[in-house]
Amino acid sequence: MVALRRMTEADLATIAGWLAEPHVARWWTPDTTAEAQISTYRERINGHGATTMLIASDQGRPVGWGQWYRWADHPAAAHAMQASDDEAGIDYAIGEPTAVGHGLGTELVAALVHEVRRCTGPVGLLVAPDATNTASRRVLEKNAFELVAVRPVATEPSQTPMAIYRLSP
Ligand SMILES: CC(C)(COP(=O)(O)OP(=O)(O)OC[C@H]1O[C@@H](n2cnc3c(N)ncnc32)[C@H](O)[C@@H]1OP(=O)(O)O)[C@@H](O)C(=O)NCCC(=O)NCCS
C-alpha cells in the first residue's frame, strides 16, 4: 500500500528529478517551471500557505507526491470550480518512471482522500485534471469520484477544458 508522510526540504531534489520526467512534465509544468514549483513547495514546507505537501512511498521507496488544501482558502479558484466551502482539493503524481502503471496512482489517490478526511472529517473532494489526462481521470474514477463537468476553468493558466470530478462526503 502507498504510505504518506510530510514532505521535507530533503525531498526537494528527488521531486525536482521527477518534475523533469516527461510523463510528469507534460501535465505538471506546461504553464510554469520545475524551479518555480520547487520554490513554491519549499515555502509550503516552511509553513507558508495552507497546502499540505506529502511524499508517497511504496514498500519504503519514495515513488511520488501529493498535496491537499481547502478550497475555502482559494476563493477565486473555488468560485471558478463551483467548489463548496467545506470541500478539499488534491493533486498527485507518481514521479518514479518505473512505478507508473502498476496501480500506485490509484492507491495514492485513495491514501490522499483518507489523509484529508483524517485531518478534516468527512468532507467532499473536488479535483480537475486536464480533460485529456486519461490516466489521472481513471485514478479518480477508480476511487469513486464522479464527473461533474468538462469545461475550461477561468482561474487556470490555460483555457483548455478540465474534467471536474467530485467525491461526495
Ligand atoms: C496519473 C497518475 C497518477 C496515474 O498513476 P498510475 O500509477 O500510472 O495509474 P494506475 O496504474 O493506478 O492506473 C490507473 C488507471 O489509469 C490507466 N492508465 C494509466 N496510465 C495511462 C495512460 N498513460 N493512458 C491511459 N490510461 C492510463 C490504467 O490503465 C488504469 O485504468 P484501468 O484500471 O481502467 O486499466 C500517473 O500517471 C502520473 O503521476 N502522471 C503524471 C502526473 C499527473 O498527471 N498527475 C495528475 C495531475 S491532475
Side-chain angles (χ1 to χ4, degrees), residues 1-5 7 11-38 40-41 44 51-71 73-74 77-78 80-83 87-116 124-167:
M1 271 301 289
V2 164
L4 297 176
R5 63 164 172 79
M7 188 183 290
D11 297 309
L12 294 178
T14 303
I15 293 170
W18 289 339
L19 284 166
E21 294 289 348
H23 76 282
V24 176
R26 176 180 177 194
W27 302 110
W28 214 271
T29 52
D31 305 304
T32 181
T33 63
E35 292 73 21
Q37 286 291 291
I38 293 296
T40 300
Y41 293 176
R44 291 175 182 163
T51 300
T52 302
M53 302 302 297
L54 299 159
I55 288 285
S57 298
D58 175 47
Q59 299 178 343
R61 177 177 75 130
V63 291
W65 79 102
Q67 59 195 33
W68 74 268
Y69 44 87
R70 293 173 176 83
W71 281 109
D73 290 324
H74 305 277
M81 287 273 289
Q82 297 186 313
E87 285 183 313
I90 57 173
D91 301 291
Y92 42 85
I94 299 295
E96 201 59 47
T98 56
V100 169
H102 299 288
L104 296 178
T106 304
E107 288 188 21
L108 171 53
V109 167
L112 282 168
V113 170
H114 185 267
E115 177 64 9
V116 168
L125 284 91
L126 196 71
V127 187
D130 187 299
T132 60
N133 190 344
T134 310
S136 185
R137 293 181 63 165
R138 279 299 295 147
V139 297
L140 294 173
E141 289 162 1
K142 292 180 77 167
N143 278 284
F145 282 72
E146 291 178 359
L147 185 63
V148 176
V150 179
R151 61 170 172 84
V153 174
T155 48
E156 286 292 313
S158 145
Q159 286 308 289
T160 56
M162 314 295 281
I164 303 176
Y165 283 88
R166 172 169 275 129
L167 183 67

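Computation of the quantities below employed the complete heavy-atom set of this structure, encompassing side-chain atoms and omitting hydrogens, waters and symmetry-equivalent molecules. Quantities reported herein were computed from a predicted structural model and do not represent experimental measurements. Note that ligands are numbered from 1 as they come in the structure, with each ligand's atoms numbered from 1 the same way. Numbers here are sequence positions counted from 1.
Among all non-hydrogen protein atoms, the one lying nearest atom 48 (S) of ligand 1 is Ser136 OG, 3.3 Å. For atom 5 (O) of ligand 1, the closest heavy atom belonging to the protein is Gly105 CA, 3.3 Å. Nearest protein heavy-atom contact of atom 38 (C) of ligand 1 is Ile94 N, 3.8 Å. Scanning all protein heavy atoms for the shortest distance to atom 23 (N) of ligand 1 gives Ala135 CB, 4.3 Å.
Within the 3.5 Å criterion, the main-chain N or O of Ala36 finds a donor-acceptor partner in the side chain of Thr33. Side-chain atoms of Arg166 do not come within 3.5 Å of backbone N or O of Leu147 as any donor-acceptor pair. One N or O on the side chain of Asp130 and one on the backbone of Thr132 form a donor-acceptor pair closer than 3.5 Å.
A salt bridge does not link Glu87 with Arg70: every distance from a Lys NZ or Arg NE/NH1/NH2 to an Asp or Glu carboxylate oxygen is 4.0 Å or more. Under 4.0 Å is where a charged nitrogen must lie from a carboxylate oxygen, and between Arg5 and Asp11 at least one such pair does.
Only side-chain heavy atoms of Asn133 come within less than 4.0 Å of ligand 1; its backbone N, CA, C and O stay farther off.
Residue pairs meeting the side-chain hydrogen bond (donor to acceptor under 3.5 Å, both in side chains) criterion with at least one partner in residues 104-116, sequence neighbours excluded, are Glu115-Arg118.
If you run side chain to side chain contact (heavy atoms under 4.5 Å, CB included) between Leu112 and each of Leu125, Leu54, Val127, Thr52, only Leu54 comes through.
Relative to atom 46 (C) of ligand 1, the option among Tyr92, Trp18, Trp27, Trp65 with the closest non-hydrogen atom is Tyr92. Nearest-heavy-atom check against atom 30 (C) of ligand 1 across Glu96, Lys142, Met162, His102 picks out Lys142. Ranked by closest heavy atom to atom 34 (O) of ligand 1, the top entry among Arg26, Arg138, Arg137 is Arg138.
Where the criterion is an N or O separation shorter than 3.5 Å, residue side chain and backbone included, Val100 fails it with respect to ligand 1. Note: no N/O pair closer than 3.5 Å links Pro129 and ligand 1 by distance alone. Considering backbone and side-chain N/O of Thr134, none are found under 3.5 Å from N/O of ligand 1. Geometrically, ligand 1 and Ala99 share no nitrogen or oxygen pair separated by less than 3.5 Å. By the 3.5 Å distance cut-off applied to N or O atoms, Gly101 is counted among the residues near ligand 1. Considering backbone and side-chain atoms alike, Thr106 places an N or O below 3.5 Å from some N or O of ligand 1.
Remark: the Glu141 side chain and the Tyr165 side chain contain an N/O donor-acceptor pair separated by less than 3.5 Å. No hydrogens or angles considered: a donor-acceptor pair under 3.5 Å links the side chains of Ser136 and Tyr92.
Under the 4.0 Å distance rule, the nearest protein heavy atom to atom 21 (C) of ligand 1 falls inside the cut-off. For atom 1 (C) of ligand 1, a protein non-hydrogen atom is found at a distance below 4.0 Å.
The Gly103 neighbourhood of ligand 1 comprises atoms 10 (P), 11 (O), 12 (O), with distances under 4.0 Å to a heavy atom of that residue. Atoms of ligand 1 found under 4.0 Å from any heavy atom of Ala93, numbered from 1 in the order shown, are 39 (O), 42 (C). Interface of Val139 with ligand 1, defined as ligand atoms under 4.0 Å from a residue heavy atom, comprises 4 (C), 9 (O), 12 (O), 14 (C). Atoms of ligand 1 lying under 4.0 Å from at least one heavy atom of His23, given by number and element, are 41 (C).
Remark: Ala77 engages Trp71, His74, Thr155 in a side-chain contact (heavy atoms from CB on, under 4.5 Å) (not counting sequence neighbours).
The 12-atom threshold is not exceeded at CD of Gln59, counting heavy atoms of other residues, nucleotides or ligands nearer than 6.0 Å.
Heavy-atom minimum distance, Arg61 versus Ala99: NH2-CB, 3.7 Å.
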